[in-house]
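Numbers restart at 1 for each chain; the letters A, B, ... are given by sequence-line order, proteins then strands. Predicted model only: the values in this text are computed from it and were never measured.
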2 protein chains.
Amino acid sequence: MPNPRSTTRATRSTGAVTLQRVAEHAGVSIATASRVLHGGTRTVGEELRRKVEDAARDLGYVSNAPAQALARSSTSVVGLVVHDIADPYFAAIAAGAMRAAKRHRLMVMIAATFGDPELEIEYVRSLRAQRARAVLLAGSGVADPDLTARLAAELDAFRADGGRVSCIGERGVEPYVPLDHTGGAERAATELWQLGHRRIGVVAGPEGLVTVQRRLAGIRAAWSRLGGELPDRRVVFADFTRSGGREAALGLFAAEPGVTAVLALNDVMAAGVLAAVQDDLGRRVPEEVSVVGFDDVPFAVDLRPSLTTVRLPLEEAGERAVQLIADGASPARQAPLGVALVVRGSTGPVAG
Amino acid sequence: MPNPRSTTRATRSTGAVTLQRVAEHAGVSIATASRVLHGGTRTVGEELRRKVEDAARDLGYVSNAPAQALARSSTSVVGLVVHDIADPYFAAIAAGAMRAAKRHRLMVMIAATFGDPELEIEYVRSLRAQRARAVLLAGSGVADPDLTARLAAELDAFRADGGRVSCIGERGVEPYVPLDHTGGAERAATELWQLGHRRIGVVAGPEGLVTVQRRLAGIRAAWSRLGGELPDRRVVFADFTRSGGREAALGLFAAEPGVTAVLALNDVMAAGVLAAVQDDLGRRVPEEVSVVGFDDVPFAVDLRPSLTTVRLPLEEAGERAVQLIADGASPARQAPLGVALVVRGSTGPVAG
DNA sequence: GGATTCCTGGTAAGCGCTTTCCGCCGGGTA
DNA sequence: TACCCGGCGGAAAGCGCTTACCAGGAATCC
């Protein structure tokens, strides 16, 4: 008896219903049982089919996914790698992904890196060990050649093992769901310019993140096109969190009190900025200071004043990313998802 | 050649590094290789150990989790069943769970039921097929005997197959992480009473949810203990969403304009209530109407006025639930996690 | 009418790993 | 010197499932 658990298993014999048992119960070969229950390409006669189905029902058969995975060398699991699932940005993406996964009868395994790129690599590796059907990278990468290369190597290995890969936002990985960070940022900056703001500040996320760099580039591009100035001291980097936003805003206004508008690179930070400006600094929004966010997470509309922000169709992005993976084919470039500036109460014309 | 993929695999022979290959490369038996790489109980001599490790590294070996799962009949996957991962309540629980999972080197598979109890059962079944090590039920159940029984049956089957189960909040499933919904609700209601409110309204979630019933029971208990009245028409049920909260509040005030305070049964609904009261109805909070939420999700503090709410330690609950599962032992009853009323700006004394 | 297809059911060879034996070897012990 | 014991390596039997291949029987074709 090579496997000691077989003893154990005999004890709870009711629990471990195998295909074998079903086949015996139905009086057919296990090949036939397999064909009926896991639908191969072959047809099975009406009578036997019935018998097998009845037996499976009677015994309460549930297939053994690992065994199937081993035999078929493929699973129905997709891995989703995010920075932090409690962040509404990633939660929205995950929700979309899970919705699509349900349609495709896939299970979603989520791994949170908490911003650590090493962990991201480790998780891809782990997903490879799981023989996940695909991995979906949701978070922005960092602009580090070494890390990028190591991740790429891991992804290649994953693909070599037959897995698919997709990601949200451009990241040097194909296929991906395009997200126009730059364009959205340009639009936001342009809006501010049109409202008459000339001295704006930027509350940015971690400097290394590609997403941050893109959004920042969009702002810079728009600003210089319009003829404005954006000195480095008006751009402050912090964590992509509420307190990061609050502290960054405080720092920004301490150094540059004359700023009339601040662009936060995501809504969570914007919430912090709003708190800093109104509660800590006692300035009114939007009369004295305008604030713009990014992402349009669900609570943006509930901030006071409600937040003007760049809407990113996050749920849809999540869905698409899964489709990309599931549809087997076409890593065909798709139309970028529409980003739009949602103008709400936190922005207004610059004070006379 | 029984398996057609073996042909395919031969093609990508670089990708599929098996233990077998590692063993050959190292010049040892696969038993030894297994012992070195997957740490059995037996010791392996220094020299061979080295050889195996080198071979594994050179070849880029990654173990095949499904194969291991089959051989050991156990995995390192835990399933987490939530209603909706985009809801900050569940996102927080998930974040905690994933943090703990990382410590225990477990992978988390998340399934979203979108409130459908049938789906919940289906997912438990699916997790059973995956031979998940455990399943963690995060959402509230519905108070339906049939559904409850069927879920219980599925969970028993899961356990019979060797899986563990735990859940957040009492649900007739052991072990569980106690969450004092009732006590929290009592505290919130009491606070309102002490502020002088006598005519309060409740904006509740779906009537069938056990959590909703508990919270409601807490409010009713406190209210009747204090000597107040809470007629049914001042309790309105709706979806646990922002728009559910908004519409419910609108309905509540249409029927009972004299209400001076409303208790929303979660913060997301409270955001909707705040919008309805201030924007749609034009009443001031807290001067004319006080609003209390539940859960203390991250954005509660950013609502205007910032939301008075009952804090539930959600992340911690998620962590504990995973620990319960991982610690093998002790389904010992633990001290309930502390709930606390966080008084902020949305509540005030009843208008003279 | 005999040979060829089809169709459908069964047999059995793996998928990649774990773990039980078994055997060998060196060192105590009697 | 004979014997036993502890350590360490390997052979091999599965874990539960899929599927190529085979084998009859019925239907089809000259």
Phosphate-side-chain proximity, B:Thr32 and D:dG10, N/O vs OP1/OP2 below 4.0 Å: yes
Along DNA chain C (nearest heavy atom to each residue), the more 5'-positioned of B:Thr18 and A:Ala33: A:Ala33
Under 4.0 angstrom between A:Thr43 side-chain N/O and C:dT8 OP1 or OP2: yes
Test: A:Glu53 and A:Arg49 ion pair at under 4.0 Å: yes
Interatomic distance where CZ belongs to A:Arg72 and C1' belongs to D:dC17 [whole Å]: 9 Å
For B:Leu136, the option from B:Ile325, B:Ile110, B:Leu324 that meets side-chain contact (heavy atoms from CB on, under 4.5 Å): B:Ile325
Any A:Ser34 side-chain N or O less than 4.0 Å from OP1/OP2 of D:dT18: yes
Nucleotide D:dA12, atom C1' - distance to CG of B:Leu19 in whole Å: 15 Å
Spacing between A:Ile30 atom CD1 and D:dG14 atom C1', to the nearest angstrom: 13 Å
Distance, rounded to the nearest Å, where A:Arg35 contributes CZ and C:dG9 contributes P: 8 Å
Nearest-angstrom distance from the residue atom CZ of B:Arg128 to P of D:dG16: 14 Å
Whichever of B:Ala31 and A:Leu48 has its nearest DNA chain C nucleotide further upstream toward 5': A:Leu48
Below 4.0 Å: OP1/OP2 of C:dT18 and any side-chain N or O of B:Gln68: yes
Given D:dG16, D:dT18, D:dG9, the nucleotide with the shortest approach to the side chain of B:Val44: D:dG9
Among D:dG16, D:dG10, D:dG9, the nucleotide that comes nearest once only the side chain of B:Val28 is considered: D:dG10
For atom CZ of A:Arg21 and atom C1' of D:dC15, their distance in whole Å: 15 Å
A:Phe114 six-ring centre to B:Arg99 NZ/CZ under 6.0 Å and within 45° of normal: yes
Nearest-angstrom distance from the residue atom NE2 of B:His38 to C1' of C:dG16: 9 Å
Atom pair distance, as rounded to whole Å: CZ in B:Arg131 and P in D:dG16: 8 Å
Geometric cation-pi criterion, A:Arg171 with A:Tyr176: 6.0 Å, 45°: no
B:Arg103 atom CZ, over 12 foreign heavy atoms within 6.0 Å: yes
Side-chain N,O (B:Arg42) to OP1/OP2 (D:dC8) below 4.0 Å: no
